[in-house]
A.B. asks: 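First the structure, then my questions, so here it is.
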Amino acid sequence: MLHLFDTARGAVVPFEPSTPGKVSIYACGPTVYGPPHLGHGRNQVSYDLLRRYLAWSGFEVTFVSNITDIDDKIIERARNEERPWQDITRRCEDVWFQGMDRLGILRPDHTPHATGYVDEMVALIQRLVDRDVAYATSDGVYLDVSQVEGYGLLAHGELDQLRSGARIEANEEKRSPLDFALWKLAKPGEPSWPAPFGDGRPGWHTECVVMSLDLLGEGFDIHAGGNDLQFPHHENERAQAVAEGKRFANLWFHHGMVEIDGEKMSKSLGNVSNLLDLMDAYDPRAFRLLVLRAHYRSPIDVSDDSMRDAEAAIARLDGFARRFAGRVDGVDADPASIERFRTAMDDDLKTPTAVATLFDAVNRANKDDDLEAAAAAFEIAGVLGLELRGEAASVPDEVLARARDRDEARAAKDWAAADQIRDELTAAGWVVEDTADGTTVRPG
RNA sequence: GGCAGCGUGGCCGAGUGGCUUAGGCAAGGGACUGCAAAUCCCUGUACGCGGGUUCGAUUCCCGCCGCUGCCUCCA
């Protein structure tokens, strides 16, 4: 049985969906004002892993992930670049999904946009005002967190403690520094929507409550995000639901951050905190493997070395795939490997161990030409979202002709000629390997 | 200042009160090969520092040092 760490309870707990066999997940998605960075990449791989594993375990998964397309940063960028903010959000969203496709991320079942839920958000805010848990100031509407039962659940702190940690804010109309904006009144030139409390735009924390409850209903199973969202974002989402008397997420799934040694990173890698740049420079699967080799709640460090390391490991997997592709159809996966994998994953998604079982299966397959182990390796790789390349890449005829020339030279024991052709092909970027079937060539 | 976490062999990164003490990459040796490549086999170097608990700690407790994240927009 799957066990997951629940941030609210602060412990690994058995996962039991409210409806047997079905899992509903809401995962905080990107604010579309720029290209995805490495943190987004890890974030999406974490979600993807959770979804794939739940699906493989037999659950019917409904996965909702939003697009935040109203935000101060979007407005700021639009102003700086003197173009409509919708241009930025549309373009960034396209770039986002293209990038995630490259990373092998499954698309969400639903992708609600904040701009598509403004009416519902206004209605929620109005209800909170009517209940007297929200109050208006000269620049917006705020939630009074002191009235929220259990505020601090996710921050794991008492109200006083949280308050003392809060930075001093310019806004003195707020009753507490912890109170947060549900609605921001529009300043001249800012995008705005009509509302009874004045034209403006919703605060960030409001969209996720409204959209998750609308699409998944009260008491949905899992709310996911980076641990930087734990507080205040998720705390504040929950606060709104609680303030309205509604049940919110049953389990909080938070993953760790990507850490980049600023100096080291910038020197060795250049501007690869941009995920798209990283995927241009390295195999996207290597990034995924790098993420999977650490536990989802641990921090990971991305560097030139760690990416090269991961690429070498991917090459090993691809070599395995070439060897066994097409030979495992209908073969039952080795049960022992699958069981080890499942045990690791059921224990709070211990992917480091899961990856180790994958490589163990690969090793056993290679060693004894063990088809059951090979089938297990393919299955595990699939659940982890690692697409192995077993298909022979297309090779130009002239290159194949040279390979045949080499076979002839080798048959004639003309080693000088054979070596010369190999050098020639290698210089052209091909990997040359001799097999029982003669010279094979593939892209390097 | 508050909260949370981390410090493992050349590197990345698991794990465990004692047992053959993951896995990947790199290194060295060997098998295979005309030579390679791929693959397989073998090998080395470990648990930040100081105490404590224990028959025994890398694993538990305390202190220290170092590092990180959150507390403000953030995946």
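Please read all numbers here as calculations on a predicted model, not as lab measurements. Every chain is numbered from 1, with letters handed out A, B, ... down the list of sequences. Side chains are part of it too, since the values below use all heavy atoms of this structure and drop only hydrogens, waters and symmetry mates.
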A.B. asks: NA contact type, A:R77, heavy-atom cut-off 4.0 Å: base, sugar-phosphate, or nothing?
C.D. replies: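 No contact at all - A:R77 keeps every heavy atom at 4.0 Å or more from the nucleic acid.
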A.B. asks: Taking only Lys NZ, Arg NE, NH1 and NH2, and the carboxylate oxygens of Asp or Glu, determine whether A:D71 and A:K73 approach each other closer than 4.0 Å.
C.D. replies: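 Not counted as a salt bridge, because no side-chain N and carboxylate O are separated by less than 4.0 Å.
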A.B. asks: Just call it for A:G225: base, sugar-phosphate, or nothing, with non-hydrogen atoms closer than 4.0 Å on any strand.
C.D. replies: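 Since only primed, P, OP1 and OP2 atoms lie under 4.0 Å of A:G225, the category is sugar-phosphate.
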A.B. asks: For the rings on A:Y296 and A:Y47, is their centre-to-centre separation under 6.0 Å?
C.D. replies: no
A.B. asks: Pick base, sugar-phosphate or nothing for A:G39, based on heavy-atom distances below 4.0 Å to the nucleic acid.
C.D. replies: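 The answer is base, as A:G39 lies within the cut-off (heavy atoms under 4.0 Å) of a base atom.
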A.B. asks: A:W415 stacking on B:G34: centroids under 5.5 Å, ring planes under 30°?
C.D. replies: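 A:W415 ring centre within cut-off of B:G34 base, planes near parallel; stacks.
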A.B. asks: Please work out if A:R323 contacts a base, only the sugar-phosphate, or nothing of the nucleic acid, heavy-atom cut-off 4.0 Å.
C.D. replies: sugar-phosphate
A.B. asks: For A:K350 and B:G15, what is the distance between atoms NZ and P respectively, to the nearest whole Å?
C.D. replies: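 That distance rounds to 6 Å.
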A.B. asks: What nucleic acid atoms does A:K413 come within less than 4.0 Å of, heavy atoms only: base, sugar-phosphate, or nothing?
C.D. replies: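 If one applies the 4.0 Å heavy-atom cut-off, A:K413 turns out to touch nothing in the nucleic acid.
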A.B. asks: Are any of the side-chain nitrogens in A:D318 or A:R442 under 4.0 Å away from the carboxylate oxygens of its partner?
C.D. replies: no
A.B. asks: Remember a base hit wins even if backbone is also touched, and classify A:H255 as base, sugar-phosphate or nothing at under 4.0 Å, heavy atoms.
C.D. replies: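 Base contact.
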A.B. asks: Given B:A14, is OP1 or OP2 found less than 4.0 Å from the side-chain N or O atoms of A:S298?
C.D. replies: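 It does, given that an N or O in the side chain of A:S298 lies less than 4.0 Å from OP1 or OP2 of B:A14.
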A.B. asks: At under 4.0 Å between heavy atoms, what does A:H37 touch on the DNA or RNA strands: base, sugar-phosphate, or nothing?
C.D. replies: base
A.B. asks: Please evaluate residues A:N66 and A:Y117 with respect to the criterion side chain to side chain contact (heavy atoms under 4.5 Å, CB included), reporting the C-alpha separation (whole Å), side-chain torsions for both, the decisive distance (0.1 Å), and the verdict.
C.D. replies: CA-CA 11 Å; A:N66 66 301; A:Y117 272 85; over 6 Å; no
A.B. asks: OP1, OP2 of B:C40 versus side-chain N and O of A:R316: anything below 4.0 Å?
C.D. replies: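 Affirmative; the distance criterion is met.
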A.B. asks: What is the pairing partner of B:C25, taking Watson-Crick or G-U wobble pairs with both distances under 3.5 Å in any strand?
C.D. replies: B:G10
A.B. asks: Provide the Watson-Crick or G-U wobble partner of B:U54, both distances under 3.5 Å; none if there is no partner.
C.D. replies: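 For B:U54, the partner nucleotide comes out as none, under the 3.5 Å rule.
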A.B. asks: Between B:C70 atom P and A:W252 atom CH2, what is the distance in whole Å?
C.D. replies: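 To the nearest whole Å, that distance equals 19 Å.
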A.B. asks: Applying side chain to side chain contact (heavy atoms under 4.5 Å, CB included) to A:V64 and A:F220, what does each step give before you reach the verdict?
C.D. replies: CA-CA 11 Å; A:V64 177; A:F220 60 90; over 6 Å; no
A.B. asks: Considering Watson-Crick and G-U wobble pairs with both distances under 3.5 Å, what does B:C64 pair with?
C.D. replies: B:G48
A.B. asks: Both distances under 3.5 Å, Watson-Crick or G-U wobble: report the partner of B:C32, or none.
C.D. replies: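 The answer is none; no pair meets the criterion.
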A.B. asks: Taking 4.0 Å as the cut-off, does a side-chain nitrogen or oxygen of A:N363 come that near to OP1 or OP2 on B:U39?
C.D. replies: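 A:N363 to B:U39 OP1/OP2: no side-chain N or O under 4.0 Å.
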A.B. asks: Does A:N366 reach a base, just sugar-phosphate, or nothing at all? Heavy atoms under 4.0 Å.
C.D. replies: sugar-phosphate
A.B. asks: Applying a 4.0 Å non-hydrogen cut-off, can you work out what A:T357 is touching in the nucleic acid: base, sugar-phosphate, or nothing?
C.D. replies: nothing
A.B. asks: Is there a donor-acceptor contact under 3.5 Å linking the side chains of A:T62 and A:D109?
C.D. replies: no
A.B. asks: Whether A:N227 contacts B:A75 is assessed here as follows: a side-chain N or O lying under 4.0 Å from the phosphate OP1 or OP2. Is that the case?
C.D. replies: no
A.B. asks: Pick the C1' atom in B:G52 and in B:C42, then give their distance to the nearest Å.
C.D. replies: 41 Å
A.B. asks: Under 3.5 Å for both donor-acceptor distances, Watson-Crick or wobble: does B:G1 have a partner, and if so which one?
C.D. replies: B:C71
A.B. asks: Tell me the partner of B:A38, counting only Watson-Crick (N1-N3 plus N6-O4 or O6-N4) or G-U wobble (N1-O2 and O6-N3) with both under 3.5 Å; none if nothing fits.
C.D. replies: none
